[in-house]
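Notes to accompany the following structure.
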Protein chains: 2
Amino acid sequence: MGKNTNYTINDIAKMANVSRGTVDRVIHGRGTVSKRAYEKVRIVLDKIDYKPNLIAQSLKKGELSKIAALIPDHQYDVFWKRPLDGIEKVKQDYASLGVTIENFLFNPYNPQSFRENAIKILEKQFEGILVVPFFYKESLDFFKKCDEQSIPYITFNTFLEDANAVSHVGQDLKQSGRVAAELMNKIAHTNGKLLIIHIDEDLADSIHMQKKEMGFSHYNGQNPQNFELQVLRTSPSENIETILVDLLQFDPEIKGIYVTTSKVFLVANILQKYQIKKYLIGYDLIEENLSFLKSGIIDFLIFQNPEYQANLGISYLIDLLVFKKEIPKKKLLPIEIAMKENYKNYIQ
Amino acid sequence: MGKNTNYTINDIAKMANVSRGTVDRVIHGRGTVSKRAYEKVRIVLDKIDYKPNLIAQSLKKGELSKIAALIPDHQYDVFWKRPLDGIEKVKQDYASLGVTIENFLFNPYNPQSFRENAIKILEKQFEGILVVPFFYKESLDFFKKCDEQSIPYITFNTFLEDANAVSHVGQDLKQSGRVAAELMNKIAHTNGKLLIIHIDEDLADSIHMQKKEMGFSHYNGQNPQNFELQVLRTSPSENIETILVDLLQFDPEIKGIYVTTSKVFLVANILQKYQIKKYLIGYDLIEENLSFLKSGIIDFLIFQNPEYQANLGISYLIDLLVFKKEIPKKKLLPIEIAMKENYKNYIQ
DNA sequence: GTTTTTTTTGTGCTCGTACACTTAATTTTT
DNA sequence: AAAAATTAAGTGTACGAGCACAAAAAAAAC
């Protein structure tokens, strides 16, 4: 299997008894070719598996493929720093093949910023796009134009049912809620109450939080030893501190807290300040969370490898554009678990 | 940054006022060049950052680099199936660049098989080698010859202090023992006794088990709420069943069991058969273990992503050989944690 | 039946590097 | 000082694809 029987344009020309130029015209459907010559080439082409030599192609064209990435600016949310690093890494790897990747960073608090960057991308004529469709309406507008120009795009992190993406790379949010519930179940044996906290629910990714909650309560419901659940919605603008302290002092039956976002450090902060010990599970290996993981106030941080995620998204685009390979319609990444003793190997 | 100011041999020739041929001779140190011409070229070369165009190089040479991988045959131990898959994946990715990878699989129960494959590799003249130095003496013999022929090699999975490897990709075994201890600590709150079981300790990777044990007991010792530890060494040939059942019935104080290898399914089997509930932590997402993870008999499986590990090893070799990049002397991969709710995303 | 126009096919050059081969310059020999 | 031998420098070609242009063949016009 996999014998390197790679035919060249020249081989085909000889086999079909025509010139290189004719083969080229048939393969690319450009120029004019007589039916007779066309047939001769087609017969050969059907018999063999011609794969153009990417090396030669790249050498000639100077550039094989132009890819754009439209992701949130990490200036506004540090979470997006590491996906960007992931993109930068593939960028270097494939630069030698003549694939260029340009990043467009939008402000995740400003739909207009998304729209502006989308326009820039359409103007510059990329062959493929990796995009975090953060804003629903704006994203669909953008995708409509991409579809018209038949530019393939891969959605990333946020899944849009109505998008016509060639692939989606993300996480299984509901399942990640289940993972949180299983962890909580394993560490807080005794029955009691659990708190689910959504922080900043007005943001565009509130749907993320809801799916996580669904997974969590679903697992909890299935489990014989189940907990009573209480959901708390809050914004950092409100005074989360007073609400939470009141709640915890009013109801000492609460054994653990599940925070559905990376903002778990806000809760950890309060637990530390008031010297309250609760089991605490949250998301993402960001700086603010790590110190609490180290000190044991946060028990587990769930996350998905963001570099790898971005890396995979770009790799899929390259597979599609350059190698003409099939790519999966949807790829859900592993739900990773970090604690005090293993988080270090994840962050470098 | 990163302007594509890539000079070609021709550019350099013009700048130095010599011919392409002379530049070529200086760069590759072949043929004869007068001191005068040499100086002229060197001056230009020192001023600019010449990076040969890999595309053109590959097109001309037809093959850029030949890499060999010497790893255990998965026919004897399924664990090695997935690293092989990881290698196959990079193989495809870089084939387009003219990098070829050939696998040599040895029998992990037979040092002679390792030696034979090593000889084959040396005969075939590879430019770089990825190797699992499973057998101490045989590996050192092999490395000596590699050093003589100055063929770079990366060790993989097994670390050999005395090897002169350009890099090592593996896991932090001691730390993985600590992770196991932290998990055990989190799920088995109450004090009591824990069992550490080494299965098949006569094998070449017994050093792996000992390091894991060290990490486990070290964490346990540091912890205020510490457990009494008991170590059990056994081979599958012995009757692990009678020993274990006796032990567990004799000492009901035992709360949990830590098995230092992927053979944890042997223990799970016994627990299931005798309807004994203990916390159980072991290694690796192999088929035999997964059913017990699903049924809840195994609580956690610790592992490192084997595809990724192999992938990284090969990528480092390519970075070194093709891109002439610096690579880290040692790369320890994350220690991953799988449970019932998250293992599926790891295995495809 | 010749000229013009259109269609079809074939050839040459380019991308950047590597290497064989030729030519030029220098040194050695007689 | 001229011829031979050696050393140094320069040129041509190939790798495979792509595209511009030239050449040839066929069709249309006179």
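What you see is a predicted model, and the numbers here were worked out from it, not measured in a lab. Hydrogens, waters and symmetry mates are skipped; everything else that's a heavy atom, side chains included, is used.
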Report the residues that fulfil salt bridge (Lys or Arg N to Asp or Glu O under 4.0 Å) with A:Glu102, sequence neighbours left out, ordered by chain and then residue number. A:Lys124

Rounded interatomic separation in angstrom, taking NE2 from A:His28 and C1' from D:dG16: 12 Å

Does A:Gln57 make a side-chain N or O approach to OP1 or OP2 of D:dG16 shorter than 4.0 Å? no

When the distance from CG of B:Leu64 to P of C:dT17 is rounded to whole Å, what number comes out? 13 Å

With sequence neighbours left out, what residues match A:Ser139 under side-chain hydrogen bond (donor to acceptor under 3.5 Å, both in side chains)? none

To the nearest angstrom, the OH-P distance between B:Tyr7 and C:dG16 comes to 14 Å

Assess whether a salt bridge exists between B:Asp93 and B:Lys89, defined as any Lys/Arg side-chain N lying under 4.0 Å from an Asp/Glu carboxylate O. yes

Length of the CD1-P vector between A:Ile55 and D:dG16, whole Å: 11 Å

Go through the structure and list residues passing salt bridge (Lys or Arg N to Asp or Glu O under 4.0 Å) with A:Lys40, not counting sequence neighbours. none

Mark up nucleotides 9-15 of chain C, 5' to 3', with B wherever a protein heavy atom is under 4.0 angstrom from a base atom, S wherever such an atom reaches only the sugar-phosphate, and - elsewhere. BBBBBBB

Does OP1 or OP2 of D:dA17 have a side-chain N or O of A:Tyr50 closer than 4.0 Å? yes

Take the protein atom CG of B:Asp24 and the nucleotide atom P of D:dG12, then report the distance between them rounded to whole Å. 16 Å

Polar contact flag, side-chain donor to acceptor under 3.5 angstrom, A:Glu88-A:Asn103: yes

Interatomic distance, B:Ile12 CD1 vs C:dG16 P [rounded to whole Å]: 12 Å

B:Lys66 vs B:Glu127, salt bridge (Lys or Arg N to Asp or Glu O under 4.0 Å): CA-CA, chis, key distance, verdict: CA-CA 5 Å; B:Lys66 266 174 73 186; B:Glu127 272 126 274; over 6 Å; no

Aromatic rings B:Phe143 and B:Tyr153: how do their planes relate, parallel, tilted or perpendicular, breaks at 30° and 60°? parallel

Taking B:Asp141 first and then B:Lys145, would you say they form a salt bridge - that is, a charged N and a carboxylate O separated by under 4.0 Å? no

Angle separating the five-pair end axes of the helix from C:dG1-D:dC30 to C:dT30-D:dA1, nearest 10°, is 70°

What's the CD1-C1' distance between B:Ile9 and C:dG16, to the nearest Å? 8 Å

Output the rounded distance in Å from CZ (B:Arg30) to P (C:dA20). 8 Å

Applying side-chain contact (heavy atoms from CB on, under 4.5 Å), can you list everything that pairs with A:Phe79, at least two apart in sequence or on another chain? A:Asp77, A:Asn157, A:Asp284, A:Gln304

